[in-house]
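To start, the structure itself, in structure tokens.
Side chains included, hydrogens not; waters and symmetry mates left out as well; all remaining heavy atoms used. Position 1 is the first residue of the sequence; numbering continues from there. For ligands, and for the atoms within them, numbers begin at 1 and follow the listed sequence.
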Amino acid sequence: MEPVKVGLLGLGTVGGGTLNVLVRNAEEIARRAGRGIIVSHAAAREYDPSLLDGIDQVEVSDDAFEVVKNPDIDIVVELIGGYSPARELVLQAIENGKHVVTANKALIALHGNEIFAAAQEQGVTVAFEAAVAGGIPIIKALREGLAANHIEWIAGIINGTGNFILTEMKDKGRDFADVLKEAQALGYAEADPTFDVEGIDAAHKLTILASLAFGIPLQFDRCFTEGISRIEPQDVAYAEQFGYRIKHLGVTRKTDEGVELRVHPTLIPERRLIANVNGVMNAVLVNGDAVGPTLYYGAGAGSLPTASAVVADIIDVTRTLTTDPGNRVPHLAFQPAELADIPILPIESVETAYYLRLTAQDRPGVVAAVAGILGDAGISIEAIQQKEPAEGQTEVPLVMLTHRVREGQMNDAIDRIEALESITGPIIRIRVEHLS
Ligand code: HSE
């Protein structure tokens with residue numbers, strides 16, 4: 001049988017890794033796919049041929065639209081990233097009857113509804129395993145392995161750069177900017193590093209996971225997003241004293257009122273496996289009603305781990321080339337006509353526990369006043385510690401953990417506490433998840 005012909009858009013970190021895996025593991029891949037898979041056409045403006053296996057066998061254009069238009073190409077692999085021209089390229093490939101594999105989480109999170117509708121219409125597949133958690137086959141697990149379950153909630157460390165930064169801050173007391181530079185040099189970080197540190201990348205990925213889990217359209221604009229750039233070393237240390245680790249989590253949960261969709265720094269009890277996921281590694285905890293909790297762990301970024309997921313998609317698409325489009329695994333796990341209109345809850349309606357750090361005047365009655373406001377708001381304190389004032393200082397940090405409460409109630413209480421004359425500066429609030 002003729003080999004399947006792949007058109008590769010991008011020969012950077014992930015594109016280069018994809019070519020290398022396809023060339024190095026060609027025999028093993030053909031044994032799995034039932035036929036050979038070759039990259040016959042690629043698009044890149046700049047690339048280093050010494051890093052690319054078999055590049056001499058590949059026609060390279062500097063215009064990606066030439067690949068998309070090439071009638072010999074069966075599968076277009078989009079590894080350029082970003083919104084545009086990735087969206088136009090993918091839509092054009094679909095229009096030309098080509099299957100698409102992409103690692104582009106931003107594209108799927110924002111334009112996935114449009115892209116999947118177009119693919120459905122044309123009877124082609126758009127595969128996106130590499131878009132979430134790099135090399136971890138989490139899309140496959142959610143869409144197929146857990147298909148028997150009502151998914152109840154998902155909590156994931158889904159940005160490798162953020163996890164690398166938090167781990168280095170905790171273990172080595174390193175400077176935030178210095179660690180970010182290292183992550184960029186290692187090829188983990190997004191082209192715009194604010195996507196990693198402000199939680200946007202994790203929000204893209206969580207949006208995709210929520211749709212697969214609950215059968216809802218992609219709604220990136222409804223995701224509550226808070227990054228790690230305001231985490232201070234003292235909060236990492238206080239969390240540790242309470243027996244917690246601070247991780248940047250994406251959490252999505254189905255409740256009776258709607259779906260929670262939120263990305264933020266989170267205190268997790270240190271005894272949880274996921275609290276011990278360090279460095280660039282990702283982990284996704286999925287709770288299904290039948291299976292209970294399941295945990296998926298692996299490299300969330302980097303050239304070969306991401307290529308592993310891209311190539312697995314290429315193999316999957318190759319296997320389905322001759323199947324009836326109506327009988328393929330649906331893009332968002334549920335049949336397109338079965339997607340449900342469940343509201344995404346505003347963060348004010350979400351219930352979590354909290355870590356609070358206040359800066360207070362060191363004088364009688366301050367703790368009582370704070371506790372009084374929390375008590376009035378129905379917020380129960382689980383633990384509280386007042387630290388020694390630093391030499392010559394009259395202000396002290398007051399750190400506490402609360403029981404679960406709606407965010408809206410907590411916001412009101414925080415406003416009232418910040419208005420106290422004895423409280424100086426804003427209150428630091430980090431959400432707490434016990435994940436039990
Ligand atoms: N910038 C992303 C991360 C790359 O750090 O996880 C993988 O999506």
Can you give each donor-acceptor pair under 3.5 Å made by side-chain atoms of residues 39-47, sequence neighbours left out, with the distance rounded to 0.1 Å?
{"from": "H41", "atom 1": "ND1", "to": "N70", "atom 2": "ND2", "distance (Å)": "2.9"}
{"from": "H41", "atom 1": "NE2", "to": "S61", "atom 2": "OG", "distance (Å)": "2.6"}

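- Around ligand 1 you find K105, N159, G160, T161, Y188, A189, E190, D196, D201, K205, G300, A301, each with a heavy-atom distance below 4.0 Å.
- Residues satisfying the salt bridge (charged side-chain N to carboxylate O under 4.0 Å, His left out) test with E348, not counting sequence neighbours, are none.
- For residues 274-305, there are no ring-ring contact (aromatic ring centres under 6.0 Å, His included) pairs, not counting sequence neighbours.
- Here R319 pairs with D316 in a salt bridge; the nearest charged N to carboxylate O distance falls below 4.0 Å.
- Ring orientation note: the planes of Y83 and H111 are nearly perpendicular, at an angle over 60° on the 30°/60° scale.
- For the pair E2 and K5, the salt-bridge criterion is met [side-chain N within less than 4.0 Å of a carboxylate O].
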